Amino acid sequence: RRPDSRCCRAVATKRRAAGRAAAASSDAAGAVGGPVGDAAESAERDPEETARQICLRMLATAPKTRAQLAGALRRRGVPDEAAEAVLERFADVKLIDDAMFASAWVESRHYSRGLSGRALAAELRQRGVPADEIKAAVGGLDPEQEVATARSLVARRVESIRGQPTPADVRRLIGMLARKGYPPALAFRLTREALEQRDKHQAAAWLEFGDEVGEFLEPAADSDPFEA
């Protein structure tokens, strides 16, 4: 039976696309220092050059912390001594700068995602930023600005609620703020304010709902958000 011509054309198209993708990948590798090849074999021949190329490739896609680069070099089998030498050189010329990374991360994630300082500190810890750099970056957030950001988040969500808010609506609003790292008591207060501002007749509804959100009003245990 003769093969279907459409099937043949589809196979040929896929092969051409695969060839173009392979060529593009090769060009990108050359632009950041040439192909690395097998990491373990290359590291044996010239571990520092291998480390340099791996770091350049990672930094070409997005900023990275020193810990992220160090972890990648370990996974690729680069000896610790060679990795440390390359990371030091990159830090000297500011290709690696954890303080700048942390500051930019806080600025971006707070204003684009509405994350609180506590949530931002947790994200930076996950990326290996040192505690003192985290404290400096998150400490630059104005507490009043954090509250204003949380209030704005709730106000936008409240606009989507039609009619009388149900307990489920309120739980969703409080949960949204809690997931972004805001204290439960603050989340409850801002949610209540937003709903009462929208409808001055919500007092009775809040009285009925108060018992169901008692757990949100429990004071959170004191803890330092910058500690691991």
Side-chain angles (χ1 to χ4, degrees), residues 55 58-72 87-88 90-161 165 169-198 202 206 210 213-228:
C55 289
M58 292 182 67
L59 292 169
T61 61
K64 297 289 188 295
T65 66
R66 183 171 182 141
Q68 287 176 312
L69 293 174
L87 293 175
E88 278 297 327
F90 274 48
D92 287 343
V93 296
K94 298 298 183 183
L95 285 175
I96 304 173
D97 190 331
D98 283 351
M100 186 177 295
F101 179 96
S103 177
W105 187 272
V106 167
E107 180 81 9
S108 170
R109 301 279 286 175
H110 177 70
Y111 289 102
S112 67
R113 300 286 303 278
L115 298 182
S116 71
R118 185 178 295 273
L120 292 166
E123 289 188 339
L124 291 172
R125 279 197 303 274
Q126 291 170 357
R127 285 155 182 81
V129 177
D132 57 338
E133 303 290 8
I134 294 176
K135 185 169 289 191
V138 176
L141 272 181
D142 183 353
E144 292 184 4
Q145 174 61 46
E146 281 194 82
V147 174
T149 298
R151 182 175 283 116
S152 176
L153 288 169
V154 173
R156 288 200 299 269
R157 292 292 184 91
V158 164
E159 291 301 317
S160 66
I161 297 176
D169 290 327
V170 178
R171 278 194 293 271
R172 278 192 290 270
L173 290 169
I174 294 173
M176 178 266 295
L177 287 182
R179 286 190 298 275
K180 291 180 181 292
Y182 294 97
L186 175 65
F188 180 83
R189 175 169 67 83
L190 294 181
T191 298
R192 180 186 62 196
E193 289 176 0
L195 289 172
E196 289 181 345
Q197 184 172 354
R198 193 196 72 159
Q202 296 296 331
W206 278 100
V213 294
E215 68 272 16
F216 289 109
L217 298 179
E218 291 295 327
D222 291 336
S223 61
D224 185 344
F226 305 108
E227 290 182 353

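What you see is a predicted model, and the numbers here were worked out from it, not measured in a lab.
- Across all non-hydrogen atoms, the minimal contact from Leu177 to Ala150 is CD2-O, 3.8 Å.
- By the 4.5 Å heavy-atom criterion applied to side chains, Arg172 and Arg157 are not counted as neighbours.
- Judged purely by atom type and a 3.5 angstrom limit, Ser108 has no side-chain atom pairing as donor or acceptor with the backbone of Ala104.
- Glu88 approaches Arg66 most closely through the heavy-atom pair OE2-NH2, 2.9 Å.
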Open item on the list: Apply side chain to side chain donor-acceptor pair (under 3.5 Å) to residues Ser103 and Glu107 and explain how you reach the verdict.
Closed with: CA-CA 6 Å; Ser103 177; Glu107 180 81 9; over 6 Å; no

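- The two residues Cys55 and Leu87 have their closest heavy-atom pair at SG-CD2, 4.1 Å.
- A salt bridge does not link Arg125 with Glu133: none of the charged nitrogens is closer than 4.0 Å to a carboxylate oxygen.
- In this structure, CD in Gln68 is found 5.0 Å from CZ in Phe101, a value given to the nearest 0.5 Å.
- With salt bridges taken as basic N to acidic carboxylate O contacts below 4.0 Å, one links Arg189 and Glu193.
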TODO: Just do the side-chain contact (heavy atoms from CB on, under 4.5 Å) check on Leu195 and Asp169 with the steps written out, would you?
DONE: CA-CA 10 Å; Leu195 289 172; Asp169 290 327; over 6 Å; no

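- A distance of 6.5 Å separates OH in Tyr111 from CG in Leu141, rounded to the nearest 0.5 Å.
- Of all heavy-atom pairs between Thr149 and His110, the closest is OG1-NE2, 2.9 Å.
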Open item on the list: Using side-chain contact (heavy atoms from CB on, under 4.5 Å), reason through Val106 and Leu124 one step at a time and then give a plain yes or no.
Closed with: CA-CA 9 Å; Val106 167; Leu124 291 172; 4.0 Å; yes

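- The shortest side-chain heavy-atom distance between Leu69 and Leu59 falls under the 4.5 Å cut-off.
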I'd like a table of donor-acceptor pairs (distance under 3.5 Å, sequence neighbours excluded) in which one partner is a side-chain atom from residues 179-188, with atom names and distances.
{"unit_1": "Arg179", "atom_1": "NH1", "unit_2": "Gly175", "atom_2": "O", "d": "3.4"}
{"unit_1": "Lys180", "atom_1": "NZ", "unit_2": "Arg113", "atom_2": "O", "d": "2.8"}
{"unit_1": "Tyr182", "atom_1": "OH", "unit_2": "Gly114", "atom_2": "O", "d": "2.8"}

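- Across all non-hydrogen atoms, the minimal contact from Val154 to Thr191 is CG1-CA, 3.9 Å.
- The CD1 atom of Ile174 lies 10.0 Å from the CZ atom of Arg192; values are rounded to the nearest 0.5 Å.
- Here the closest non-hydrogen pair linking Arg127 and Ala67 is O-CB, 3.9 Å.
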